Amino acid sequence: MFKQWQLILIGSLASIALILAACSPASDSEDSEEKTEGAAATTEVQEIKESASGSQQKETTESTAGPSSVSGIPLDPDAKYGGVLQTMTTGEGPSFSTWEEAAGVAPYAMQPLHSSLIRPQSWGSLEDYKNNAFFTFQPDLAESWSGSEDGLVWTFKLRDGLEWSDGTPITSADIKWSYDKIITGEGLTRSPRAVHFLAVDNVTTPDDLTVVFNLKWPKAAILEVIGMPYHIMRPKHVYENDLEALRDKIPTVISGPFENVEWLAGEKYVYEKRPDFWDQPLPYLDGLELNIIARSSAPIALRGGRVDIAFPNGFTGGQADTLIAECEVCNVWPRVIASSQSPSLMLNHQRAPWNDPKVKEAFALAIDNQKYVTTVQNDWYFTPTGCGFYPTSEWAMPSERCAKISGYGDFQEGGSPAADKEKAKALLAEAGYGDGDLKANIYFWSVVQQDAPAVLEDLNAIGVEATAEILETARAYATWSDGNFDIGVHSFWVAGIDPDITLYEHFYTGSDRNYNRYSNPEFDALTDKMSKTVDKQTRKELAWDAMELALSEQAKIIVSHSSYVPVHNKKVHGLMPTLNYLAGYGPHIRYDHTWIDEDNDRVLGG
């Protein structure tokens, strides 16, 4: 099993308003100390109002006119065949199973080898990008789908004649087997997204080319759930009796555009084009290489031409500032708020004294969100004005309501971080803790380790003797999953912006991603009711009720939301950037329609 990774990010395909801006830079964890004068702060941020879930795709979107691949991907008349794309990730592990992991090398290494039932759009122009085209689902192994009028039956038709690379036909049995494993978790070490399928009664296969998802109740976000980027399809005949191979073997029976021809552990993965890839005439590339490069070295690798795409989601903070100012070989796309990169504190709700209501509230009041955004993230991040939902999106909680939740008023109009800290001290005193009595060892995921000084300073200021321990990715996720911690600082990863995705994945009782074991039957009931509700305004009210309850009980203490700018080498064409979780987990990193050309004169998005 491997070690480190690079965790990617999220976004959503179901309902969203996202923030774009026309130029800004990036950094991930280790380089936040690189600061240049206020590039992010002076960048205009454009708010885009577009909602995929609001106009749920009950039927397949019609293909654009003109030449296209078998699946309907438009073919660029200027595209050139050939070349090897250089990409990167930051480490190995924990495994190769995208069904079981929430981070790591799995999506980077596996996406080029596989296909999905449906896929979010990963091609388009600059205008498409600004109009959130990446929220549109497109056919993949399924050539079409439809939803019943009552929303209880979703039918997907597979392409006829598809085969795995060993010549075995791809049938509905493979799709059913794959989703059954994801939904039940049977035989898996864990299934982090299983909670999203609570509405699914069963998956049936009327014939070899038809897959039907039968629901117990209508679920507004069901298409987004089925199309989550982690859900690559695997061959039943290969893995049915050898699930361990999902985790520790690079697959040879595949359906994707490339095959792996070399793996030098800790160094690189090498892929070559599959001439018999089903989605002809793709791919354009002869191959690609996935290089293992330290996070701090990514900007240098991109500027120096060692990689063509470093972080698929883009850069933030000091690294972004530097690339915008100094990278002559780079194209910089408009800035976007990352729905998923949302640092938060997790107090273990099954351990005392961290489950004491007074202690939890004191911790929430201690955090100075705006100070963190300015001093740690150089104003590249945003305060959580939507109270757990994506800032500026249609789902964001109204700011006046958000401000009434303890710990979320200090960065709103009239708020006072100093006054909040005094309240926090009083709460700790009521709980029986004087200055220095309460000691906390806090686990920080290595990707957010730059947050440690600010968090410790805030906690020390209310009399908590706090220390930090840094966990690399594999250990961090094992620790979170096992619940073997008192307090953790993690990034609030969400595979979608629809409240259905956020609330179930991170707060619902029993969810594998509810790391700090929050549980409240009232919250669960509100979330279930919201998920079954079709009317959008009613869903919003229920979502806000549920989130207000969860944050009032410190189910998470959300510090901020990040923003990124996608940055590629100018010779990369045909790939439209997207929100972070789609960019890093999904078919964007399949690179099936990406092509390269030394001619750098094409417009952005060309």
Side-chain angles (χ1 to χ4, degrees), residues 13-14 52-53 55-63 68-73 98-99 111 114-122 134-164 168-184 191 193-194 196-237 239 254-256 278-279 495-496 498 500-501 582 586-587 590 592:
L13 302 164
S53 66
S55 55
Q56 190 181 63
Q57 289 180 254
K58 282 207 169 182
E59 293 185 352
T60 317
T61 303
E62 290 187 11
S63 300
S68 64
S69 70
V70 169
S71 72
I73 299 174
T98 62
W99 297 351
Q111 282 289 352
H114 294 286
S115 303
S116 300
L117 186 61
I118 57 177
R119 64 182 293 175
Q121 184 171 322
S122 51
F134 39 74
F135 292 138
T136 303
F137 284 102
Q138 300 289 353
D140 206 19
L141 294 178
E143 65 180 5
S144 65
W145 67 86
S146 60
S148 63
E149 280 299 316
D150 60 9
L152 294 176
V153 180
W154 288 78
T155 303
F156 296 80
K157 293 291 185 179
L158 303 185
R159 302 177 191 282
D160 196 3
L162 294 179
E163 294 182 346
W164 299 104
T168 303
I170 298 176
T171 72
S172 57
D174 296 300
I175 310 303
K176 172 179 167 55
W177 181 83
S178 294
Y179 277 102
D180 280 349
K181 289 299 174 188
I182 294 166
I183 292 169
T184 67
S191 186
R193 270 71 62 180
H196 297 304
F197 290 92
L198 291 176
V200 176
D201 188 18
N202 56 56
V203 181
T204 58
T205 56
D207 58 55
D208 283 350
L209 298 179
T210 306
V211 181
V212 180
F213 289 78
N214 298 294
L215 275 57
K216 303 170 193 172
W217 56 78
K219 182 179 176 74
I222 189 61
L223 197 65
E224 180 175 356
V225 167
I226 292 171
M228 279 185 171
Y230 315 91
H231 299 159
I232 60 176
M233 296 294 97
R234 298 275 198 159
K236 177 182 178 181
H237 69 284
Y239 297 104
I254 55 180
S255 63
W278 63 267
D279 200 8
D498 189 283
D500 198 292
I501 307 296
L582 293 175
R590 192 189 298 178
D592 49 346

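What you see is a predicted model, and the numbers here were worked out from it, not measured in a lab. Only this structure's heavy atoms are used, side chains among them; waters, hydrogens and symmetry mates stay out.
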Would you find a donor on one side and an acceptor on the other, under 3.5 Å apart, between the side chain of [X] and the backbone of [Y]?
X    : Y    : value
K216 : D201 : no
Q111 : P229 : yes
K157 : S146 : no
S172 : D207 : yes
Y239 : S178 : no
H231 : V225 : yes
S115 : S255 : yes
S191 : I182 : yes

Return the minimal non-hydrogen interatomic distance between [X] and [Y], and the atom names on each side.
X    : Y    : answer
A221 : I501 : CB-CD1, 4.4 Å
D174 : H237 : OD1-N, 4.4 Å
S122 : P587 : OG-O, 4.3 Å
W217 : L198 : CH2-O, 3.7 Å
W164 : R234 : CH2-C, 3.6 Å
I118 : A142 : CG2-CB, 4.4 Å

Do [X] and [Y] have side-chain heavy atoms sitting under 4.5 Å apart?
X    : Y    : result
V203 : F197 : no
D500 : I222 : no
W145 : I226 : no
I254 : H114 : yes
V200 : Y179 : no
I232 : S116 : yes
I175 : F156 : no
D140 : M233 : no

Can you tell me how far apart [atom1] ([X]) and [atom2] ([Y]) are? Round to the nearest 0.5 Å.
X    : Y    : atom1 : atom2 : answer
L215 : W154 : CG    : CH2   : 8.5 Å
K176 : K236 : NZ    : NZ    : 8.5 Å
L158 : T205 : CG    : OG1   : 10.0 Å

Legend entry - T204-N202 side chain donor-acceptor pair, cut-off 3.5 Å: no
Legend entry - side chain to side chain contact (heavy atoms under 4.5 Å, CB included), paired with T155, selected from T210, V211, N214: T210
Inset, instruction - Test D592 against R119 for salt bridge (charged side-chain N to carboxylate O under 4.0 Å, His left out), laying out the working first. - result: CA-CA 12 Å; D592 49 346; R119 64 182 293 175; 2.8 Å; yes
Legend entry - Note: R590-D279 ion pair, threshold 4.0 Å (strictly below): no
Legend entry - Parallel, tilted or perpendicular: ring planes of W177 versus W99, cut at 30 and 60 degrees: tilted
